[in-house]
Amino acid sequence: MSSSTVIVLDFETSGHSPGLGDRPIEVGAVRLEGNRIMDHFQELMNPGFPIGWFIESLTGISNQQIAQAPPCEEVMTRFADWIGDTPLIAHNAAFDRRFLDAELALIGRSRDNPMACTVLMARRILPEAPNHKLATLVHYCGIPTSGIFHRALADAEMTGRLWMTMTELLRERYKLDAIPFALMQHLSRISRTRVEHYLEKYCRQRQDHLNRAG
DNA sequence: TGCCAGGCCCTCTTTAGGGCCTT
């Protein structure tokens with residue numbers, strides 16, 4: 001597996017808050033290596049209670065489908081094995097991180113994977129976009145879609161393509177040979193007003209390093 | 001038909017309030 005490998009994940013859930021008892025009903029994820037999707041993961045799961053009409057309507061996932069799905073614990077065990085310690089990405093990662101960590105705790109596991117957020121990145125790299133919802137950004141960037149939204153694998157794949165689009169934009173804008181995950185993660189942590197200055201400094205240091213190596 | 005939560009981020013800010021984003 002290459003050092004540029006990342007996993008982009010998305011949960012469909014019964015609501016907004018694991019703290020109020022909400023749980024995942026589907027997880028979808030794609031494994032990116034460089035600028036290619038190399039693998040994927042998608043499973044429905046049974047949270048142990050019926051979901052509300054709004055979630056059924058939003059996702060198209062029915063209570064009948066959920067009732068036939070394996071329990072969250074079983075799916076999350078497979079998912080934890082699948083992601084390993086690969087760096088993770090999600091759209092509004094704070095949301096998916098809460099559910100991931102809550103479900104991992106329930107199966108006696110924990111997460112060390114670093115995690116980056118495409119909402120935070122898009123606010124910095126695409127500040128001129130009409131808004132930073134996933135569907136808007138995908139349309140704004142001209143990313144082709146299946147037309148499916150609010151299903152875990154489809155949203156994870158769109159988020160992955162958005163991530164690749166933004167890294168490619170930065171790579172071309174700053175004439176870099178690569179955009180490491182750690183750089184994107186750092187950019188999402190600093191103030192928006194400092195992003196351009198930081199990238200210019202990063203480019204100068206990178207060029208100095210190459211000059212010394214050459 | 002989302003109003004539930006939580007983190008980020010802006011501003012008419014920092015002794016705060018409110019919009020955005022996720023389901």
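This is a predicted model, so every value here is computed, not measured. Within every chain, numbering begins at 1; the chains are lettered A, B, ... in the order of the sequence lines, protein sequences first and strands thereafter.
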Does OP1 or OP2 of B:dC10 have a side-chain N or O of A:R192 closer than 4.0 Å?
yes
Measure the distance from CE on A:M45 to P on B:dT23 and round it to the nearest whole Å.
14 Å
For A:T59, give me all partners under side chain to side chain donor-acceptor pair (under 3.5 Å), at least two apart in sequence or on another chain.
none
Between A:I25 and A:D22, who's closer to the 5' end of DNA chain B by nearest nucleotide?
A:D22
Atom-pair distance (CZ on A:F54; P on B:dT22), nearest Å
12 Å
NA contact type, A:F11, heavy-atom cut-off 4.0 Å: base, sugar-phosphate, or nothing?
sugar-phosphate
Contact between A:I89 and A:M184 at the side-chain level, heavy atoms closer than 4.5 Å - yes or no?
no
Whole-Å distance, A:I51 CD1 to B:dT23 P, equals 14 Å
Take atom CE of A:M121 and atom P of B:dG7, then tell me their distance rounded to the nearest Å.
21 Å
Pick base, sugar-phosphate or nothing for A:L20, based on heavy-atom distances below 4.0 Å to the nucleic acid.
sugar-phosphate
Could you tell me which residues satisfy ring pair (Phe, Tyr, Trp, His ring centres under 6.0 Å) with A:Y202, sequence neighbours excluded, listed by chain and number?
none
Give me the distance, rounded to whole Å, that separates B:dG19 from B:dC12 when you measure between the P atoms they each carry.
14 Å
If you check the A:W53 side chain, which of B:dT1, B:dA5, B:dC9 turns out closest?
B:dT1
Winner on side-chain proximity to A:H16, out of B:dG7, B:dC10, B:dT23, is B:dT23
Check every strand shown and say whether A:R189 touches a base, only sugar-phosphate, or nothing at a heavy-atom separation below 4.0 Å.
nothing
I'd like to know if A:R23 and A:E73 make a salt bridge, using a cut-off of under 4.0 Å between side-chain N and carboxylate O.
yes
Run the ring pair (Phe, Tyr, Trp, His ring centres under 6.0 Å) test against A:Y198 and tell me which residues pass, sequence neighbours left out.
A:H186
Considering only the P atoms, how many Å lie between B:dT13 and B:dG18, rounded to the nearest integer?
13 Å
For A:Y174 against A:E196, the heavy-atom pair lying closest together
OH-CG, 3.6 Å
Could you list the donor-acceptor pairs under 3.5 angstrom formed between side-chain atoms of residues 115-126 of chain A and any protein atom two or more places apart in sequence or on another chain?
unit_1 : atom_1 : unit_2 : atom_2 : d
A:T118 : OG1    : A:A90  : O      : 3.4
A:T118 : OG1    : A:H91  : ND1    : 2.7
A:R124 : NE     : A:L187 : O      : 2.8
A:R124 : NE     : A:I190 : O      : 3.1
A:R124 : NH1    : A:L120 : O      : 2.9
A:R124 : NH2    : A:S188 : O      : 3.2
A:R124 : NH2    : A:I190 : O      : 2.9

Rounded distance in Å - CG (A:L88) to C1' (B:dT22):
16 Å
A:F95 side chain: which of B:dC10, B:dT23, B:dC8 is closest?
B:dT23
CG of A:L126 versus P of B:dC9: gap in Å, rounded?
15 Å
Specify the separation, in whole Å, of atom CD of A:E56 and atom C1' of B:dT1.
15 Å
If we take the P atom in both B:dG17 and B:dT1, what is their distance in whole Å?
33 Å
Determine the interatomic distance between P on B:dC3 and the same-named atom on B:dC8; round to the nearest Å.
23 Å
Report yes if at least one side-chain N or O of A:H150 is closer than 4.0 Å to OP1 or OP2 of B:dT23; otherwise report no.
yes
Where each residue is assigned the nucleotide of DNA chain B containing its nearest heavy atom, which of A:S17 and A:A135 is assigned the position nearer the 5′ end?
A:S17
Starting at CE of A:M158 and ending at P of B:dT22, how long is that distance when rounded to a whole Å?
10 Å
A:F11: which residues meet the ring pair (Phe, Tyr, Trp, His ring centres under 6.0 Å) condition with it, sequence neighbours left out?
none
Where along nucleotides 16-21 of chain B does protein come under 4.0 Å, by heavy atom, of base (B) or sugar-phosphate alone (S), with - for untouched nucleotides?
----BB
